[in-house]
Asker: 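My questions all concern the structure below.
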Amino acid sequence: MDASSSEVKAPVLPECILPIQPKTLKDFQEGVEKVKSSGDWKAVHDFYLTTFDSFPELNAAFKKDATASFNTIEDSGINAKFVNAVYDTLINIPQDIQKTVLKGIINSLLREWKGPRTKDDLRAYFILLQNPQFNNTSTYVIYAHLLRQIATLVEADHHFLVHWFKKLSQKRFKQLVERLLQFISLRLFPAKPEEFPPITKCSWWIPSAAKVLALLNTANNLVLPPLIPYTDFYNSTLDHIDLMEEYHTWQNFGNSHRFSFCQYPFVISIAAKKIIIQRDSEQQMINIARQSLVDKVSRRQRPDMNMLFLNMKVRRTHLVSDSLDELTRKRADLKKKLKVTFVGEAGLDMGGLTKEWFLLLIRQIFHPDYGMFTYHKDSHCHWFSSFKCDNYSEFRLVGILMGLAVYNSITLDIRFPPCCYKKLLSPPIIPSDQNIPVGICSVTVDDLCQIMPELAHGLSELLSHEGNVEEDFYSTFQVFQEEFGIIKSYNLKPGGDKISVTNQNRKEYVQLYTDFLLNKSIYKQFAAFYYGFHSVCASNALMLLRPEEVEILVCGSPDLDMYALQKSTQYDGYAKTDLTIKYFWDVVLGFPLDLQKKLLHFTTGSDRVPVGGMADLNFKISKNETSTNWLPVAHTCFNQLCLPPYKSKKDLKQKLIIGISNSEGFGLE
């Protein structure tokens, strides 16, 4: 849906002459107040009977001006306060009046089923969709028919509805979304199956609801900030259906007549998407391992279990170069299960060595002295260095690392801005034509603000400056960057050094400047990073993800629930009823958020939570039979905290705060 154009050309049908509807919001409210004293509902009953009898009557009641056409996307022409008052009253009035409304809606839908739609028809659909009676399962048959009529409207009509939806209040918009999600959930898992027609006779119910949800999702994405978080569109009920069947249906049939929830990925939770990606990854791993086995047997060679894994042998003293060499040599094995061995060290990799390899490698690559990434203190994030070099293979290595982390369910302590993940999905699948640029996406000053807030603020001031930009800023279409102590200049457009920035062209200047910093100046670096990531995560499942969801898969969620951590923690040498453990949780649950994050970082190497929640951390507290003068120790590779048996809560709190606040790097042991 092209949501960027201000209008969509649609055949403008003549509006019918509307009936005269004398009631105003004030009249209606006064009528309802009179009922409280008289007990006579006749006037209110007549209002609802007339208003919901047909589409023209709905328009007559709720249109701000019955004589105006209101044929623009910017104004639905509906008196929203009046609609809200009528619906808020409806759910608290006698059942016979409520039944009258439903009968009127049935007649309206039957009457309006055929023929092209006028803008008054769209207004009627817009009003009816907000009816709170559709929260009740007894109205679902009527609701389903309303949804089908809206779903089958032409694209131009959908465009109008989308722009009207985005003008709703947050409360009313959220109610629409929740009502549709509940409708889908109860159709999938009805509490009383006999309440609905057989699924074979109403297979169109869920696709119709999903289509209308898609209109609301588009509307939500057009508003900055969105009316509701994108997570409010998740339907957790879908976590309990056969997601792989949905995924395979979507892969085999695409967006054709065969319905799959994967056509509407915004309703699938990040936890469910992770399951799809993991199972798709596992299947690819199995297929590649099986092929390796078949090849060995066909050549009459003895099978070796090591062929089933991506075996990394690296020296700690040459960590980056060895890792790069190994991954380059074994690029055909990237989708096998990862196992790491440190040369000269005994030990089997049961997950701890793999995590340690990730932590050490990330720490080294992202160190400022390494020069690959620049750390921006204002935004607390890393960004790609624009310095030119002969070989960008190490950026490819970082991309592979991120892909392997997703594949092997490892949470990385990486701080990239949201823009990075938007670029990583541009496009979500590697194009077959290698001449097509990758990692290029549309960027704005808001994206730049997430990396370089001070610079973004300066550009925003340039855009809002009320004086003479040319005289006051004295800028040209050039960018100056320091590279190895030398200031270099780059033209933002041909002849840019001779083009002054003026009030007339400042928007173009800011857009070109932002595009240069976030796209063009780092193209080769990011392209290598992009190809590295997608060499591991080459899956159609990535098309289901939003940029924010990719970030959560790679880095985990920033939302901490320490009560959930307490519930899932395992103990070694302690029991959860021991006094030291009680002291520990009293202290930790009372910590401010920043100290809770430090504790998580100290014990796991990251202050974020895996997609599956705190339970997926497999957090363990072990008894450290040492002096209580010692500080706690962490084994980040195993998410393990070694805690001496402190005798008082005060002592434990003091030692714990010192330990988590002064650990260097990743707190590795």
Side-chain angles (χ1 to χ4, degrees), residues 12-32 34-35 40-72 75-134 136 139 141-150 152-153 157 160-161 164-165 167-168 172 176 212:
V12 179
L13 300 169
E15 307 289 346
C16 61
I17 298 171
L18 299 181
I20 296 171
Q21 176 61 269
K23 270 198 187 297
T24 63
L25 172 58
K26 188 179 178 184
D27 295 334
F28 173 76
Q29 289 171 330
E30 287 175 353
V32 172
K34 284 179 184 175
V35 172
D40 183 4
W41 287 94
K42 186 178 185 309
V44 174
H45 182 277
D46 289 347
F47 169 78
Y48 279 104
L49 176 67
T50 305
T51 299
F52 288 90
D53 184 56
S54 67
F55 281 16
E57 290 285 4
L58 278 168
N59 277 274
F62 298 119
K63 210 169 171 181
K64 285 186 278 194
D65 182 350
T67 60
S69 58
F70 292 109
N71 282 331
T72 71
D75 186 0
S76 65
I78 292 168
N79 186 335
K81 286 186 179 177
F82 196 1
V83 172
N84 295 341
V86 168
Y87 278 145
D88 290 344
T89 302
L90 176 60
I91 53 177
N92 296 308
I93 59 178
Q95 285 293 314
D96 60 323
I97 303 179
Q98 293 192 35
K99 287 178 182 176
T100 298
V101 169
L102 292 172
K103 285 177 186 173
I105 293 173
I106 293 170
N107 292 333
S108 297
L109 294 175
L110 290 172
R111 194 176 297 131
E112 301 297 330
W113 179 240
K114 292 181 180 179
R117 301 292 186 262
T118 65
K119 295 299 172 288
D120 280 345
D121 292 335
L122 298 187
R123 266 183 282 277
Y125 286 132
F126 182 63
I127 294 165
L128 291 178
L129 197 61
Q130 298 175 58
N131 188 340
Q133 289 178 290
F134 294 134
N136 195 318
T139 66
V141 173
I142 306 168
Y143 189 36
H145 281 277
L146 171 63
L147 296 176
R148 178 159 72 168
Q149 289 195 25
I150 294 173
T152 54
L153 291 170
D157 290 339
F160 273 83
L161 287 175
W164 292 349
F165 285 144
K167 298 292 176 67
L168 286 170
R172 303 292 170 176
L176 284 183
V212 177

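We count residues from 1, following the sequence as given.
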Asker: Any chance you could measure Arg148, atom CZ, to Leu109, atom CG, to the nearest 0.5 Å?
Answerer: 11.0 Å
Asker: When you measure from the side chain of Thr152 to the backbone N and O of Gln149, does any donor-acceptor pair fall under 3.5 Å?
Answerer: yes
Asker: Would you say that Tyr87 contacts Ile127 through its side chain, given a criterion of any heavy-atom pair below 4.5 Å between the two side chains?
Answerer: yes
Asker: In terms of side-chain heavy atoms, does Thr50 have a donor or acceptor partner in Asp53 at a distance below 3.5 Å?
Answerer: no
Asker: Within the structure provided, determine whether Asn84 and Gln130 are in side-chain contact (heavy-atom separation under 4.5 Å).
Answerer: yes
Asker: Given 3.5 Å as the limit, does a donor-acceptor pair link the side chain of Tyr143 with the main chain of Asn136, or not?
Answerer: no
Asker: Which pair of heavy atoms, one from Arg123 and one from Trp164, lies closest together, and at what distance?
Answerer: N-CZ3, 3.8 Å
Asker: Let me see the working for Asp88 and Arg172 under salt bridge (charged side-chain N to carboxylate O under 4.0 Å, His left out), right down to the final yes or no.
Answerer: CA-CA 11 Å; Asp88 290 344; Arg172 303 292 170 176; 3.0 Å; yes
Asker: Quick one: pull up NZ in Lys42 and CG in Leu49 and give me the separation to the nearest 0.5 Å.
Answerer: 9.5 Å
Asker: Give the ring-plane orientation class for Phe82 versus Phe62, where under 30° counts as parallel, over 60° as perpendicular and anything between as tilted.
Answerer: perpendicular
Asker: Would you say that Asn131 contacts Val101 through its side chain, given a criterion of any heavy-atom pair below 4.5 Å between the two side chains?
Answerer: yes
Asker: Would you list the pairs meeting side-chain hydrogen bond (donor to acceptor under 3.5 Å, both in side chains) in which at least one residue belongs to residues 89-102, sequence neighbours left out?
Answerer: His45-Thr100
Asker: Kindly check if the number of other-residue, nucleotide or ligand heavy atoms within 6.0 Å of NZ (Lys64) is above 12?
Answerer: yes
Asker: Taking the side chain as every heavy atom from C-beta outward, state whether Leu147 and Leu129 have any pair of such atoms under 4.5 Å apart.
Answerer: yes
Asker: Can you list everything that forms a ring-ring contact (aromatic ring centres under 6.0 Å, His included) with Phe165? Sequence neighbours excluded, please.
Answerer: Phe126
Asker: Take Leu110 and His145, measure what side chain to side chain contact (heavy atoms under 4.5 Å, CB included) needs, and give me the verdict at the end.
Answerer: CA-CA 9 Å; Leu110 290 172; His145 281 277; over 6 Å; no
Asker: For Thr24, is there any backbone N or O sitting under 3.5 Å from a side-chain donor or acceptor partner on Asp27?
Answerer: yes
Asker: I need the minimum non-hydrogen distance between Ser54 and Ser108, along with the two atoms involved.
Answerer: CA-OG, 3.2 Å
Asker: Using a 4.5 Å cut-off on heavy atoms from C-beta on, say whether the side chain of Asp121 contacts that of Asp157.
Answerer: no
Asker: Do you know the tightest heavy-atom contact between Phe55 and Leu128?
Answerer: CE1-CD1, 3.8 Å
Asker: Under 3.5 Å, is there a donor-acceptor pair between the side chain of Thr139 and the main chain of Ile142?
Answerer: no
Asker: When rounded to the nearest 0.5 angstrom, what distance separates CG in Asp65 from CG in Asn79?
Answerer: 11.5 Å
Asker: Please state whether the rings of Tyr48 and Phe52 are parallel, tilted or perpendicular, taking 30° and 60° as the class boundaries.
Answerer: parallel
Asker: Would you say that Ile105 contacts Phe134 through its side chain, given a criterion of any heavy-atom pair below 4.5 Å between the two side chains?
Answerer: yes
Asker: Out of curiosity, Leu161 CG to Tyr125 OH, how far, rounded to the nearest 0.5 Å?
Answerer: 10.0 Å
Asker: So, do Thr51 and Leu58 sit near enough that their side-chain heavy atoms are less than 4.5 Å apart?
Answerer: yes
